[in-house]
Amino acid sequence: MSEQPIRNPAEWFSLAISLTLLSAVIATVASLWLKPSLKPAEFTVEPGKVRTANGNYYLPVTIRNEGDATAAEVTLEGTLNTTSPEEVATTTFDFVPARSDAEGVLIFSQEPSAATVRVVSYQEP
């Protein structure tokens with residue numbers, strides 16, 4: 001006959017913690033699966049500090065996807081209306097995941113502090 005091992009309080013405590021954590025993970029996954037959020041991709045763009053090099057002006061930009069959907073092929077356009085003709089710089093992000101940021105740089109030949117920067121298109125993956 002084999003004897004049953006005696007469980008000490010530390011083992012019972014670790015079992016309780018493990019079961020609590022496992023239950024929380026299962027409940028979270030189930031609630032996300034049963035009630036997915038349907039907020040589409042939604043963007044905000046923040047220009048950074050302009051730097052110069054080799055006669056060009058580099059405008060760093062941060063794009064934030066505040067939606068619940070990932071966006072692919074996000075095209076960002078910067079327009080500088082103070083020049084004649086107006087100067088346009090674009091960049092494309094392969095994808096911007098939900099609730100995350102991506103960074104890029106727009107390059108201009110004139111000082112772009114007054115540039116208007118906006119998202120012009122994206123695809124739903």
- Atom OG of Ser31 and atom CD1 of Ile26: how far apart are they, to the nearest 0.5 Å?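 So the gap between those two atoms works out to 12.0 Å.
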Check your understanding: Quick one: hydrophobic cluster around Phe95, which other residues, with the 4.5 Å side-chain cut-off, linked directly or via members?
Key ->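 None, because no other hydrophobic side chain comes under 4.5 Å of this residue.
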Please examine the side chains of [Y] and [X], heavy atoms only from C-beta on, and report whether any two atoms are closer than 4.5 Å.
X      : Y     : value
Thr90  : Thr92 : no
Val119 : Thr75 : no
Ile63  : Phe93 : yes

Assess the residue pair Leu76 and Val117 against the criterion (side-chain contact (heavy atoms from CB on, under 4.5 Å)); give the C-alpha distance rounded to whole Å, side-chain angles, the decisive distance to 0.1 Å, and a yes or no.
CA-CA 7 Å; Leu76 190 68; Val117 183; 3.9 Å; yes
Quick check: closest heavy atoms across [X] and [Y], and the distance to 0.1 Å?
X     : Y      : value
Glu66 : Lys39  : O-NZ, 3.4 Å
Leu59 : Gly48  : CD1-O, 3.6 Å
Val74 : Ala71  : CG2-CB, 3.6 Å
Val50 : Ser113 : CG2-OG, 4.1 Å
Thr70 : Pro97  : OG1-CA, 3.7 Å
Ala98 : Ala69  : CB-N, 3.8 Å

Among residues two or more places apart or on two chains, list those pairs meeting salt bridge (Lys or Arg N to Asp or Glu O under 4.0 Å) that have a residue in residues 73-85.
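Sorted result for residues 73-85: Glu77-Arg118.
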- [ ] Only counting residues at least two apart or in another chain, list the ones meeting salt bridge (Lys or Arg N to Asp or Glu O under 4.0 Å) with Arg64.
- [x]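 Arg64: salt bridge (Lys or Arg N to Asp or Glu O under 4.0 Å) contacts with Glu46, Asp101.
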**Prompt:** Same hydrophobic cluster for Tyr58 and Val45, using side-chain heavy-atom links shorter than 4.5 Å among ILVMFWY?
**Reply:**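 No, Tyr58 and Val45 fall in different hydrophobic clusters.
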List, one per line, each side-chain donor-acceptor pair under 3.5 Å for residues 103-110, sequence neighbours excluded.
unit_1 : atom_1 : unit_2 : atom_2 : d
Ser109 : OG     : Glu87  : OE1    : 3.1
Ser109 : OG     : Glu87  : OE2    : 3.2

Show me the side-chain donor-acceptor pairs of residues 14-23 shorter than 3.5 Å, one per line, residues at least two apart or across chains.
unit_1 : atom_1 : unit_2 : atom_2 : d
Ser14  : OG     : Ala10  : O      : 3.3
Ser14  : OG     : Glu11  : O      : 3.0
Ser18  : OG     : Ser14  : O      : 2.9
Thr20  : OG1    : Ala16  : O      : 2.8
Ser23  : OG     : Leu19  : O      : 2.8

request  = Apply ring pair (Phe, Tyr, Trp, His ring centres under 6.0 Å) to Phe43 and list each qualifying residue two or more places apart in sequence or on a separate chain.
outcome  =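 Partners of Phe43 under the ring pair (Phe, Tyr, Trp, His ring centres under 6.0 Å) test: Tyr122.
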